[in-house]
Amino acid sequence: MKKLAQSFLFAVISISSVAQTSKALKNYQLWYDAPTPNRGADNSKIQAGGYPFDADWENWSLPIGNGWMGASIFGRNDTDRIQLTENSLDNKSLYKLGGLTNFAEIYLDFNHSNSTNFKRGLSISDAIAYTHYQHNGVNYSREYFTSYPDKVLVIKAKASAKGKLSFVVRPVIPYLKSVDTTPDNNYRTGTVSAKGNVITLSGKMGYFNIIYEGQIKVMSFGGSQTANNDEKGDNGKIEVANADSAIVLVAVGTNYKLDSKIFTEPVPSNKLNDNTSPHVMITKILETASKKSYTQLLQTHLNDYHTYFNRVNLNLGGVEAIMPTDKLLAAYKAGIHNPYLEELYFQFGRYLLISSSRPGCLPANLQGIWSQYDVSPWTSGYWHNVNVQMNYWPAFNTNLAEMFTSYSDYNQAFREEANNLATKYIAENNPSSLSPLAGGNGWTIGTGASPYIIFGPGGHSGPGTGGFTTKLFWDQYDFTRDIKVLKQVDYPAVLGMGKFLSKVTKLNPDGLLLASPSASPEQKVKGQNYTTVGCAFDQEMIYENHNDLLKMAKILNDKDAVINTIEAQIGKLDPVQVGWSGQIKEYREENKYGDIGEYKHRHISHLVGLYPGTLINSNTPAWIDAAKVTLTERGDFSKGWAIAHRLNLWARAKEGDRAYSLFGNLLSTCTKDNLWDTHPPFQIDGNFGGTAGVAEMLLQSHEGYIAPLPALPAAWKKGNYKGLVARGNFEVAASWDNGQATAFEIKAKVGGVCYIYYPNISKAIITDASDDKKLSFKKLNIDLISLQTSKEEVVRINNIPFIHKMTPPDTLLAKQLDDKTVELSWGALNKTDLYNIYIAKGNSPIYQMLASNQKGESYQFSADNIYKLGRCTFKITKVGKDGRESVGKLVYINNHN
Ligand code: FUC
């Protein structure tokens with residue numbers, strides 16, 4: 001009965017949504033009908049990494065942030081809790097990296113225990129959290145937002161009746177540890193003192209010598225307010241009594257300033273150059289902000305936030321939810337896929353990136369900018385064997401390129417130390433290639449990194465981690481086409497990495513250049529890291545960086561000496577190997593899938609050439625098919641970020657339904673009630689990877705052309721989007737109905753030749769959106785056109801003729817008849833059906849056609865000696881009247897003797 005009621009509700013939602021389609025941005029909200037519980041950390045549940053688990057913070061608090069700080073809002077009616085994070089506040093933590101720690105807790109004691117009509121939420125359309133309820137007949141409301149331009153957290157509390165607002169502002173510095181005398185000095189001191197209308201939190205973190213300060217300014221209207229301290233002048237608080245409304249402003253900071261010395265200086269307590277307290281800076285921020293009215297602060301915040309958030313609209317037919325987000329998620333888990341939740345999740349990833357990664361601030365870490373822990377899970381680090389890169393996967397395609405600046409600045413700041421690490425690595429592993437010149441060995445980055453320390457590659461992850469990182473710099477150029485940034489930032493990054501990666505391989509007897517040592521991230525054999533030579537991860541990432549470097553050098557006409565080396569090396573990398581199961585091999589020494597390492601390991605590093613790389617693409621169809629084998633064997637369930645990686649990979653394989661099912665797995669198995677991704681524990685990478693994956697289903701551009709709707713699932717029957725970005729800096733809008741595109745609009749942000757791929761696009765009506773006049777274009781083939789665009793020109797594409805999609809036979813079997821013949825057989829529904837038959841031998845990226853327009857149910861393949869063929873993939877496709885083929889059905893033979 002309950003199920004029936006839910007499906008009925010869903011039906012109503014989808015029907016009414018049709019009328020909504022082309023409306024502008026909806027009001028996207030996470031909302032709940034109960035306050036966030038606050039039972040505190042459970043010391044009996046110690047997670048891997050040694051931190052007690054605060055389930056309520058993780059599951060229910062609502063994140064807001066402006067890059068300068070993150071705040072987790074509980075929105076409670078008795079004692080509210082606002083937990084603050086500042087991304088440079090590190091203690092010693094684990095792994096000697098330093099680790100992010102909780103900056104402060106602000107408690108607001110309202111004592112409104114018995115309240116009714118409770119609602120709290122987070123509008124991600126406006127980046128404002130809120131709480132409202134009724135208590136003793138009075139309506140109470142609170143709004144919370146963080147402003148990037150004003151660098152403050154703003155809280156407004158209001159009562160509907162005059163003089164009914166009374167509360168205490170009571171901040172606490174958590175995890176204080178008195179000065180210790182160990183060499184580590186891993187202490188935190190701090191005091192909280194109230195004076196006038198300001199409470200100041202200030203203290204020191206011993207390990208890195210961090211001076212921190214937070215100020216809270218309380219401005220109440222009507223009524224009175226008093227500041228109190230205990231007899232030691234500590235534990236300061238401000239009591240507001242009988243007011244009508246109040247505004248609380250918060251600013252936080254440390255003496256951290258991004259600088260290369262932080263990374264080169266080995267002694268933790270000497271890393272920070274500047275021992276000046278942030279007091280003056282924080283005071284100024286608060287003074288400036290408090291001169292503005294609430295409306296002014298709000299408007300400045302909205303103008304800033306909307307500039308980014310409103311660039312993209314995705315409409316899958318969702319309508320604003322009439323049930324709280326936790327119930328919506330529970331229904332989703334029970335199989336009721338409300339498209340509003342899918343839109344919300346997609347946009348939430350964009351919201352989180354805007355909130356945690358702003359120019360001038362540190363980049364988004366493993367938890368973005370939200371950590372309530374003393375010792376954060378995995379230090380809240382910048383882990384470079386997938387996690388931090390994934391944070392930035394949605395930056396370019398979802399129109400948030402500016403958010404990458406914080407990572408790019410961070411990366412440039414650690415470059416000097418990364419040069420030193422590269423020299424050390426080459427000296428240890430490949431001394432004959434060592435360059436004596438400063439910077440001659442390029443730069444490198446291994447897995448572990450924090451705002452204070454970086455590590456080089458080795459152990460469980462090979463040198464490919466560097467190429468994994470520089471892909472972001474290539475993408476920054478390719479999406480924005482900003483030549484100035486290319487010259488100053490992107491090219492130096494990729495060139496320096498090219499120098500390093502050109503020295504990490506060794507020539508093997510077959511004339512191949514293989515990374516040595518080499519390791520596929522985190523993969524284990526009998527519980528131990530597995531170190532080898534030339535694993536797919538390293539080879540693919542070296543290839544990607546080499547390839548991107550050559551493209552950049554050509555654009556800039558640069559003749560750096562390393563370019564010749566890169567040109568000579570790239571053909572010898574042999575990055576993709578296909579194994580006996582038809583899989584992309586993780587290791588050269590592997591035969592069948594899973595021979596080496598954990599079968600369903602969370603990392604799927606041998607497919608980085610498919611995503612975020614581009615080596616495996618539509619022009620290498622046999623590799624795409626092999627990647628699908630790997631994906632299928634690796635499985636569709638894993639840790640949050642790992643599901644998100646698989647989602648992007650299936651999207652790149654143009655398998656919309658499969659990608660959609662991965663998106664469903666991400667939402668159903670790795671998403672908390674506040675829509676945070678969980679590994680477990682909470683890790684933000686899965687949110688970002690999820691958003692990137694949805695965008696990748698709707699728009700791709702890595703194959704030299706704009707491909708709108710490349711992996712559209714049947715579940716998204718009708719919809720539209722605007723503002724996604726394709727390489728070349730084209731903003732794309734698309735709408736579709738029943739699996740078929742109905743219209744595209746492509747805005748050339750910088751102009752230039754625009755290549756567009758979509759079935760039958762050459763037969764569509766193509767006009768200039770400004771005057772509706774037909775545009776001339778070049779037909780490259782029936783599905784691919786090109787046209788010259790000028791800056792800001794908008795190209796409109798309508799009336800795209802429908803194509804009939806063919807389905808392949810259900811089965812394809814291979815039977816070896818003798819040492820010269822293999823018989824392929826399949827079930828044809830119709831005797832007149834036509835088939836094309838192909839073979840891909842060994843590691844070949846492409847198929848060779850064996851027979852075209854074949855009728856019947858079997859085909860005999862002959863060779864002089866089947867045993868000399870090694871492994872082969874046979875593929876059959878069904879051919880339609882228009883000559884278009886279905887996807888392929890595959891079968892493998894492996895003859896090894
Ligand atoms: C990598 C992953 C783990 C985790 C950690 C933070 O090491 O393998 O799953 O996400 O980073």
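For ligands, and for the atoms within them, numbers begin at 1 and follow the listed sequence. Keep in mind that the numbers below use all heavy atoms, side chains included, and drop hydrogens, waters and symmetry copies.
- The ring-ring contact (aromatic ring centres under 6.0 Å, His included) check on Y660 picks up H337, W716, with sequence neighbours excluded.
- A salt bridge between D677 and K672 is absent, with no side-chain N of the basic residue lying under 4.0 Å from a carboxylate O of the acidic one.
- Considering backbone and side-chain atoms alike, K639 places every N or O at 3.5 Å or more from each N or O of ligand 1.
- Those atoms of ligand 1 with a heavy atom of W378 less than 4.0 angstrom away are 4 (C), 5 (C), 6 (C).
- For ligand 1, the polar-atom distance check against E522 finds a nitrogen or oxygen pair separated by under 3.5 Å.
- The two residues S72 and W676 make their nearest non-hydrogen contact at OG-CH2, 4.1 Å.
- With respect to D374 and K177, a salt bridge is recorded, a charged nitrogen being found less than 4.0 Å from a carboxylate O.
- Residue W641 has at least one N or O atom closer than 3.5 Å to an N or O atom of ligand 1.
- Applying the 4.0 Å criterion to heavy atoms of Q683 picks out, from ligand 1, the atoms 4 (C), 6 (C), 10 (O).
- Protein heavy atom closest to atom 11 (O) of ligand 1, with residue, atom name and distance, is N387 OD1, 3.0 Å.
- Those atoms of ligand 1 with a heavy atom of H679 less than 4.0 angstrom away are 3 (C), 4 (C), 9 (O), 10 (O).
- The one candidate from T101, D184, T379 that meets the side-chain hydrogen bond (donor to acceptor under 3.5 Å, both in side chains) condition with K92 is D184.
- Proximity to L366 (heavy-atom distance under 4.0 Å) selects the following atoms of ligand 1: 6 (C).
- At a 3.5 angstrom cut-off on N or O pairs, D685 does not count as close to ligand 1.
- For E586 and R634, the salt-bridge test passes: some basic side-chain N is under 4.0 Å from an acidic carboxylate O.
- The only option from N529, D538, T447 that meets the side-chain hydrogen bond (donor to acceptor under 3.5 Å, both in side chains) definition with S461 turns out to be T447.
- When hydrogens are left out, the protein atom nearest atom 2 (C) of ligand 1 is H603 NE2, 3.5 Å; that is the closest non-hydrogen contact.
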